[in-house]
Amino acid sequence: MKVAVIKESFPGERRVALVPASVKPLIKSGLEVFIEESAGVAAGFSDEQYRSEGATIVSHGDVFSADCILTVRTAAAAGEAWEADRNRLKSNQVVIGICDPLGSPEACAEAAECGIALFSLELVPRITRAQSMDVLSSQANIAGYKAVLLAASALPRILPMMTTAAGTVKPAKVLVLGAGVAGLQAIATAKRLGAQVSAYDVRPAVKEQVQSLGAKFVELDLETSSSESAGGYAKAMDEAFYTKQRELLGKVIADSDVVICTALIPGQKAPTLVTSEMVSQMKPGSVIVDMAAERGGNCEATSCGETTCVDGVTIVGPTNLPADVATHTSQLYARNITTFLMHLVDHGLPQIPSDDEICRETLVTHNGQIVHPKVRERAGLPPLEQTVQE
Ligand code: NAD
């Protein structure tokens with residue numbers, strides 16, 4: 001089977017789906033590996049490095065003759081490139097990548113029309129045996145680290161306490177909102193930089209994890225026993241809950257030098273945790289890094305993709321932090337996607353495996369149809385009588 005890696009062309013995207021070190025194991029498993037010219041350059045990997053591991057460097061057009069195409073971004077997540085590339089895709093080709101299936105089901109319908117088998121890596125189930133395929137975790141982890149560095153460099157103070165002959169400097173107060181994968185790494189990074197760190201999450205189970213990193217868990221007088229879904233994610237709460245939450249968080253936020261926002265609800269707009277009024281009550285020079293910017297933001301005053309100054313507070317609204325650390329995020333992504341690919345190969349790829357949970361949960365389109373029940377629902381399509389998987 002021929003496997004090809006496409007060069008990402010989404011604005012600002014510097015990651016690549018395979019790194020040179022991931023080529024040899026695939027070849028050993030009997031696959032032929034093709035890499036589009038310069039695909040890895042922005043992430044720090046030259047064509048020569050891929051070649052010396054046994055890959056063949058090909059043109060953009062030649063990528064589309066492979067049986068399986070590996071991407072970081074495809075379908076709606078690839079932006080304008082999807083418009084241009086989808087006409088080159090062939091029936092029964094397998095495409096694997098991040099594709100925003102729940103946010104943009106229209107592009108999935110287009111993928112179905114092309115006849116491709118589209119696998120969405122965002123939909124990898126969060127079960128123990130799929131942990132090494134979990135791109136959301138691998139990328140969010142590094143993004144959490146990077147968010148703290150952005151905050152530290154925008155802050156007109158240092159993070160650690162420092163005692164010098166010229167006087168003692170107090171540590172900066174960092175508050176992390178949402179302590180999932182990104183939030184926990186943000187806490188650990190801010191601690192390593194010497195800040196005084198506290199964190200809040202709507203899921204009570206997180207308290208112990210926050211404390212084990214040496215941070216303080218902010219307790220709010222809110223009823224949160226039903227805030228976690230069976231999958232371990234936060235559930236959307238009603239507006240009365242969020243209003244009370246903002247009221248209770250106001251004082252903690254006003255007292256913080258840095259707020260790192262990471263709160264998300266799967267498949268929904270991010271909850272508003274910081275209003276413009278709350279921003280106006282923060283000290284001038286404080287910094288908010290809103291990692292939820294692309295999903296509407298946790299802070300009302302965030303401008304998506306921009307850094308702004310509102311009432312003396314710097315608000316950073318990054319949209320693709322993993323791309324800023326592309327060498328390491330590509331290395332981890334490559335491990336995720338190769339483990340996923342080998343899993344499918346072990347289960348019969350290029351035939352689409354029909355009896356495997358990981359395949360079933362990630363397969364978005366097959367045989368000309370959207371086959372994923374949640375994506376069908378988002379696309380306004382009725383459930384399939386029986387998911388067609390041969
Ligand atoms: P996420 O990106 O969906 O959300 C980030 C955090 O925001 C979550 O911790 C969530 O509880 C929190 N949040 C949502 N609404 C909030 C609000 N109003 N106020 C404060 N916080 C709010 O989550 P994630 O980082 O992808 O992780 C979700 C869960 O999945 C975690 O329990 C994590 O440990 C678990 N997980 C499991 C595996 C696995 O078993 N393989 C892998 C990764 C993550």
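When a residue number appears, it is its place in the shown sequence, counting from 1. All ligand and atom numbering here is 1-based and tracks the order in the structure. Values in this document were obtained by computation on a predicted structure and should not be read as measured data.
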With a 3.5 Å distance limit and no angle check, can you tell me whether S303 reaches the backbone of E306 through a side-chain donor-acceptor pair? no

Mark whether atom 33 (C) of ligand 1 lies under 4.0 angstrom from at least one protein heavy atom.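 Under the 4.0 Å cut-off, atom 33 (C) of ligand 1 has no protein heavy-atom neighbours at all.
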
So, for atom 2 (O) of ligand 1, does the protein have a heavy atom nearer than 4.0 Å? yes

Would you check whether Y200 has a nitrogen or oxygen atom less than 3.5 angstrom from a nitrogen or oxygen atom of ligand 1?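 N/O-N/O distance below 3.5 Å does not exist for this pair.
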
Can you find an N or O of Q245 that's nearer than 3.5 Å to an N or O of ligand 1?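 Min N/O separation from ligand 1 is below 3.5 Å for Q245.
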
Ligand 1 versus [X], non-hydrogen atoms closer than 4.0 Å: side chain, backbone, both, neither?
X	answer
E228	neither
I265	side chain
L273	side chain

My understanding is that we take every heavy atom of each candidate and find the minimum distance to atom 20 (C) of ligand 1. Doing that for V176, V202, L136, L184, which one comes out nearest? V202

Cationic N near anionic O, under 4.0 Å, E113 to R86: no

Let me have the donor-acceptor pairs involving side chains of residues 262-272, under 3.5 Å, with sequence neighbours excluded, atom names and distances please.
residue	atom	partner	partner atom	Å
T262	OG1	L177	O	3.1
T262	OG1	G178	O	2.7

Please walk me through it: do E219 and K207 pass salt bridge (Lys or Arg N to Asp or Glu O under 4.0 Å)? CA-CA 9 Å; E219 307 262 11; K207 179 177 173 180; 2.6 Å; yes

Validation row: P322, I142 side chains within 4.5 angstrom (heavy atoms): no

Min side-chain heavy-atom separation V124-V135 under 4.5 Å: no

Please report the shortest heavy-atom distance between I253 and L273, naming the atom on each side.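 For I253 and L273, the tightest heavy-atom pair comes out as CD1-O, 4.1 Å.
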
For ligand 1, is G183 a contact, meaning one of its heavy atoms is under 4.0 Å away?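 No, that is not the case, since the closest heavy atom of the residue is not under 4.0 Å from the ligand.
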
